[in-house]
Amino acid sequence: MIFRQITSKKYFFSVRFFSSILKDRYGFVASSIPIPQSCSPNSSEVNGNQKRKKNKEPYRPPSSLDMTGKKIIHSNLPFDFRFSYTESNPNVKPIGLREPKYSPFGPGRVDRAWTGVCAPAVDPVLKSVEGDVSNDAEKKLEEWRRRRKMIIGEILTPAERAFLIEKCQKNRTKRQVNLGRDGLTHNMLNDIHNNWKHSEAVRIKCLGVPTVDMKNVCNQLEEKTGGLIIHRHGGQIILFRGRHYNPKKRPVIPLMLWKPHEPVYPRLIRTVIDGLTIEETKETRRRGLAVPALTKLVPMVRDAFLTDELVRIDCKGLPTTDYKKIGVKLRELVPCILVTFQKEQVVVWRGKDYNSNAHIKSEHKSFSLVSKSDESTEKTLTDISAPYYSSYSHDQSSDTEDFEMDPRIEEQVNSPQCSSEECP
């Protein structure tokens, strides 16, 4: 005990001595020695238990799937909600699903049941979608068309139409909605209505596979958005919202939070083609891969079928999904039978019962319609028919141009060096 007191006194004296020297020479004051404070029992313990600091809960960002305190979205749109309205055919039924039926709108956000393919515009309580609600669906569609006709209003004069077209050109505005390989998607409807807040018309640029069938794209745009196409040149479309359009009364469009998985559909290429044996099918595929390739699709395929029974389209550089979609469109538009997709080629066969006279008559009929429309261009441009489709101009292009491929696809089809990253 005595030794401890002596050592502590010596230590205190040495610190005091050196601190005085530092102060005299350099004006430095040494810091005091920290003395640990005795812990008071009243502050550290309560009822014999030591207080523990509560851990702060980790921050959780707000989730878009959290529906607490939110109402279920109700939409009066009379059509079924699909991911794509131009690249999906409602008549083709899937044979299975790749994942469980999980709605891309999120759980409990929309009052429509997701079937794995679409969200039907019927009461999900009903057992049957077909037959029981056909009358209700027709009534809703008629009401939608009547309301659309009232919103569009009177016919645009040539001066008004020319003003809107000039206003939507690239040198006047940068606002544009891009329509890509997925076609007219559901969320694109919301983008079009957002553009209609600021201008009476919106420019839509179509690229990729949907340009093979531009008539379907135009029909779906007018039907799903409720607008009117007043101009089309190649893949560029100008969509008019209507004279009496009110952005505050726009339809409610629930957004898809992610792209749904595609269901399993029947195989496009069959092992044995109908009407042929196994050996004849193999021989047809072998000869099809040696046929000269085409670049423009439907018109040239129809012309090629007049002399040859097999046609090959070179799709090197395009993604697999793109040239398979091209094959599906050819099967519906020409029509023809798909033979093979090997070596990035699309080979189609005209079939045994091919009627070339039917295509010749249809070509003559379309040519006569185009010549008549050229004589009275201004009249047809401002005329609004019952389906509101004949009001937009073809701008020096015939009906067959609707089925031609986009020029960018033609360049990619012709160039074998095109990589998958450069393709649309």
Side-chain angles (χ1 to χ4, degrees), residues 64-65 72-73 75 77-134 137 179-190 208-210 212-213 216-217 219-221 223-224 253-274 315 318-333 335-342 344 346 348 420 424:
S64 58
L65 301 180
I72 299 177
I73 301 175
S75 180
L77 294 176
F79 49 84
D80 299 348
F81 291 162
R82 293 178 172 270
F83 173 73
S84 177
Y85 297 104
T86 55
E87 300 304 303
S88 59
N89 190 357
N91 298 326
V92 179
K93 304 298 180 183
I95 59 177
L97 299 176
R98 302 183 188 274
E99 63 169 9
K101 296 179 183 179
Y102 194 75
S103 174
F105 299 98
R109 290 177 62 92
V110 188
D111 61 345
R112 298 188 183 187
W114 181 256
T115 63
V117 179
C118 67
V122 297
D123 190 357
V125 180
L126 296 175
K127 296 181 180 179
S128 176
V129 178
E130 300 175 357
D132 296 341
V133 294
S134 59
L179 192 147
R181 66 174 58 177
D182 291 329
L184 177 61
T185 58
H186 178 79
N187 289 359
M188 198 178 294
L189 302 179
N190 188 66
V209 181
V212 178
D213 190 4
N216 182 36
V217 173
N219 284 329
Q220 294 294 335
L221 274 171
E223 181 182 348
K224 299 300 186 294
I253 303 174
L255 297 180
M256 289 189 178
L257 304 180
W258 57 81
K259 181 179 179 180
H261 287 264
E262 294 183 358
V264 181
Y265 288 99
R267 293 185 61 184
L268 296 174
I269 305 296
R270 297 185 179 181
T271 306
V272 180
I273 300 175
D274 294 339
C315 296
L318 290 178
T320 306
T321 55
D322 283 9
Y323 62 75
K324 285 187 177 181
K325 288 180 180 179
I326 292 173
V328 172
K329 289 181 179 292
L330 286 175
R331 184 181 62 180
E332 297 175 357
L333 298 174
C336 57
I337 299 173
L338 298 176
V339 176
T340 183
F341 288 142
Q342 294 178 0
E344 296 183 349
V346 178
V348 293
S420 60

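For E87, the side-chain hydrogen bond (donor to acceptor under 3.5 Å, both in side chains) partners two or more places apart in sequence, or in a different chain, are K329. Residues forming a side-chain hydrogen bond (donor to acceptor under 3.5 Å, both in side chains) with R270 (at least two apart in sequence, or on another chain): D274. Under the salt bridge (Lys or Arg N to Asp or Glu O under 4.0 Å) criterion, K224 pairs with no residue, sequence neighbours left out. Checked against ring pair (Phe, Tyr, Trp, His ring centres under 6.0 Å), F83 has no partners two or more places apart in sequence or in another chain. With sequence neighbours left out, the salt bridge (Lys or Arg N to Asp or Glu O under 4.0 Å) criterion links R98 to no other residue. In this structure K101 satisfies the salt bridge (Lys or Arg N to Asp or Glu O under 4.0 Å) test with no other residue, sequence neighbours excluded.
How far CD1 of I269 is from CD of Q342: 9.0 Å, rounded to the nearest 0.5 Å. Residue T115 holds its OG1 atom at 13.0 Å from CZ of F81, rounded to the nearest 0.5 Å. To the nearest 0.5 angstrom, I253 atom CD1 is 11.5 Å from I73 atom CD1. Of the inter-residue distances, the one linking L184 atom CG with R82 atom CZ reads 12.5 Å to the nearest 0.5 angstrom. The line from CG of L333 to CG of N216 is 8.5 Å long, rounded to the nearest 0.5 Å. Atom CG of residue L255 and atom CG of residue L189 lie 10.0 Å apart, to the nearest 0.5 angstrom.
Proximity of a side-chain donor or acceptor of H186 to a complementary backbone N or O of P254 within less than 3.5 Å is detected. Of the possible polar contacts, one joining the S84 side chain to the D182 backbone as a donor-acceptor pair under 3.5 Å is found. Side chain of K324 to main chain of L268: no donor-acceptor pair is present (N/O by atom type, distance under 3.5 Å, no hydrogens or angles). N187 contributes a side-chain N or O that, together with a main-chain N or O of M256, makes up a donor-acceptor pair within less than 3.5 Å.
The aromatic rings of W114 and F105 sit perpendicular to each other, their planes meeting at more than 60°, with 30° as the lower class boundary.
Across every non-hydrogen atom of T321 and R181, the tightest pair is OG1-NH1, 4.4 Å. When all heavy atoms are compared, the tightest approach of I95 to P266 is CG2-CG, 3.9 Å. Between P263 and G96, the shortest heavy-atom contact is CB-O, 3.4 Å. Closest approach of D80 and P120 over heavy atoms only: OD1-CA, 3.4 Å. Taking both residues in full, the closest heavy atoms of P94 and V117 are given as CG-CG2, 3.7 Å, listed atom of the first, atom of the second, then distance. Nearest heavy atom pair, residue V346 against residue C315, reads CG2-SG, 3.8 Å.
Side chains of V110 and S103 form no contact here, defined as non-hydrogen atoms less than 4.5 Å apart. Put simply, the side chain of D213 does not reach to within 4.5 Å of the side chain of E332, judged on heavy atoms. Residues P260 and Y102 have side chains not in contact (no heavy-atom distance under 4.5 Å, counting atoms from C-beta outward).
Within 6.0 Å of atom CD in E262, 12 or fewer heavy atoms from other residues, nucleotides or ligands are found, so the atom counts as exposed in its surroundings.
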